[in-house]
Structures are given as structure tokens and as C-alpha cells.
Asker: 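Okay, here's the structure, questions in a sec.
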Amino acid sequence: MALFCGVNLDLPLLPLPTAADPADATAPRLLIVYTGGTVGMAVNAAGELAPMELRHLDRQMPELARLPFRLALLSLPQPIDSSNVAPADWLFLAQLIGRHYADFDGFVVLHGTDTMAYSAAALGYILEHLGKPVVFTGAQVPVGANRSDAQRNLITALEIAAARHPRAGTVRVPEVCVFFNDELIRGTRAKKVESQQFAAFKSENYPPLARAGIGLEFADNSIRLLPAAGLKIHETLEARVAVLRLFPGITEAVVSAVLQVPGLRGCVLETYGSGNAPTAGWFLDCLADARRRGVWLLNVSQCEEGRVVQGKYETSARFAALGIVGGDDITTEAAVTKLMFVLGLGVGEARTRELLATDLRGEISP
Ligand code: ASP
């Protein structure tokens, strides 16, 4: 179910009035891409929050007019609740950014919070050698409502997208990231951890890239360096993947049902602690059978901190021999999208294994 599929890439851009002189070629040019999410929602006739068009962002956020940037808004024709996002939508978003890459200095993607971490991780893989900021943000309370966090999140996300190193003048954050509630998080490290409070995201196993207080403090040493090569936009993702979360009492019927899904190409195994799993014969047989059928298995811990160390315990000793790839300290969100990305490359057994085990976009720590 890809919602943006079939949408023409030539969507109109709506210039937003700001404090920048449109003729001032030095004022940063930023593009806001609105995809949907609570940020732009309103209560529908049935009393439910539903995505709406965001045509009057400048009226709902008069503070935009004070920004010293040249701003444009690109709204997707049918904004979505991010629970409906699909891999094809990520490819579309990447193409959209590619279409406008040369004309803007940075991009802010307004997106629902529910799957923002998946989308940011996916775009991180798809946009290889990214040299400009792509900052995902959204809100827990719609922009039109009292006490909305939209203003706070969007204004700072725009400032981050425009940020340059003070002396060198180079791009400060050439990464796909998530800005939310005063923290800038690498896309491949983001996790939604809260549905009721404003602090919705956590940076897992990696420090935030920046914090917004009275000033904006960038952790420059944690930000990936500018790539030497030009942007490469990948065009394929392998969507036939699954996640199998272990729990005490999980049965053979459940494990084999997941691993025998017709056409399955990869599965994230959400294991315990440092990558541990049951040693029962039927369990290992299910994994071995999946491997024989060419299903890639990526071992990711259910713990929010720490890392997978296959072979540390007897309970993961057989994994390496079965060809299960240890995910180190990767998040489930970054692992699912990494499987889709790497399997989508279609590069053969040895290279697939190497890529799955390698840090591609800052998703695992050495
Ligand atoms: N359900 C919404 C979405 O992900 C939640 C949000 O945006 O905060 O689109």
C-alpha cells in the first residue's frame, strides 16, 4: 500500500513569505516537504484526528515570516497518517528531494511521528553521499491547536537545515536526521519512545547530534563528515522482510509461520540481551531451514542500549555457523530498513553479508 505512488514528481512549490529578501542570493533556501502526520491534522466529522492539507502554514505559523531564509512548501496531495507509510513512499520521497536537491540548501520533512524513525532511517540509506541536511520533524499536537509543539519543532528544524560551520561555511549537518523536542538525532539512531509527552524520540546507542536550548549546540564530532562524492539516490528496496520478536513461550508454529512466509527474503530477529535466543532443537532447525532457503537473518537485541555479541553466551553460539548476521547496536527500525536496502541492491551472497555487517550510515558503532 504505497500512498504516494503514482503522484507526479512535479508538485507545485508554494513560496512562503519570510524576512529574507527573495533577491538575496546569500539567504539559505529551504524546502519544507509536508507528508502528513499529527502536525497537520484536524478533527474530522467522525471526531477522529485525520491528516489535512496544510495550505495555510504561513497563517498558522506567523513566526515563519521572521525567518531570514527563503522558504518554499511542497505539500503531498493526499497527506497521510504515517502508520500508512510504505517502502515505495520512501523511494518517492527520495526522488522528490533529488528533484529539488540542486535548488535548495536544506530540506525539512514534516512527517507523522509514529513511523518517522523508520522513514528517516530508510532515507538515510537511500540517499547515499548526502551533502545537505534532510531534517524530519512533526508534532504531538496539531499546528492549529493550543499548546502545539509544531512551531517549536519546525522553526528549529529549519534553523538546523540552514546551519553552516561558522568559519568554514560548510554544511553543518549533511545527514538525514530527526529533530524533535530540542534534540537532533541521526535518522538511523532514532526511536519513538513516547506517545503522550512531547519528548517523543530517543537517540539509541549514540549521542544526539545537536541540542536546542537558548542556543543551538551542535556535537560536531558526532556528525558525519561531508561526502566527497555527489548524491546517489538508490531506486530499489526489498520489501519482503519481517520482524520476529522472541518471547518466553514462543512456539514452533509461530516461528515457522513467520520464517516460512512465501517469498520472504530477510527477517530481523529481535533477541534477548546481547543477542541470545532459545537453544531448543526445533528453534535452531527453523533458523537453519530459513537460511537454507536463502532468508537473511539479522540479530538485533530487544534491549534499548548495549549491543549484540554473538557467541558470548551458549544461547547464541550456533548463530554465526548458521550464517546469522549480528546487528551490533543497531535499532530495529534501522535494521528493518537496512535489510530492505541491502537486499534491494541485489549484490550476491558475500557482498550482502559484508554490507549487512558493516556500518553504512552511522547505524552501528564500531
Ligand atoms: N498517527 C500520527 C502519525 O504518525 C502520529 C503523529 O504524527 O504524531 O501520522
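When a ligand or atom number is given, it counts from 1 through the structure's own listing order. Owing to the predicted nature of the structure, the values given are computational and were not obtained by experimental measurement.
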Asker: Between Glu238 and Arg240, does at least one N-O distance fall below 4.0 Å, as a salt bridge requires?
Answerer: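 Salt bridge between Glu238 and Arg240, a charged N being under 4.0 Å from a carboxylate O: yes.
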Asker: Who pairs with Thr26 by side chain to side chain donor-acceptor pair (under 3.5 Å), at least two apart in sequence or on another chain?
Answerer: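 Asp24.
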Asker: Is it true that Arg351 and Glu354 make a salt bridge, defined as a side-chain N closer than 4.0 Å to a carboxylate O?
Answerer: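 Yes.
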Asker: Should the ring pair His234 and Phe341 be called parallel, tilted or perpendicular, given that the plane angle runs from 0 to 90° and is split at 30 and 60?
Answerer: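 Plane angle over 60°, so perpendicular.
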Asker: Strictly below 4.0 Å, N to O, side chains only: are Arg189 and Asp329 in salt-bridge contact?
Answerer: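 Looking at Arg189 and Asp329, the cut-off is met.
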Asker: Under a strict 4.0 Å criterion on non-hydrogen atoms, which protein residues are in contact with ligand 1?
Answerer: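 Residue list for ligand 1: Gly37, Thr38, Met41, Asp81, Ser82, Gly112, Thr113, Asp114, Ala139, Gln140.
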Asker: Could you check whether Thr332 and Glu270, counting side-chain N and O atoms only, form a donor-acceptor pair closer than 3.5 Å?
Answerer: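 There is such a pair (donor and acceptor under 3.5 Å, judged by atom type) between the side chains of Glu270 and Thr332.
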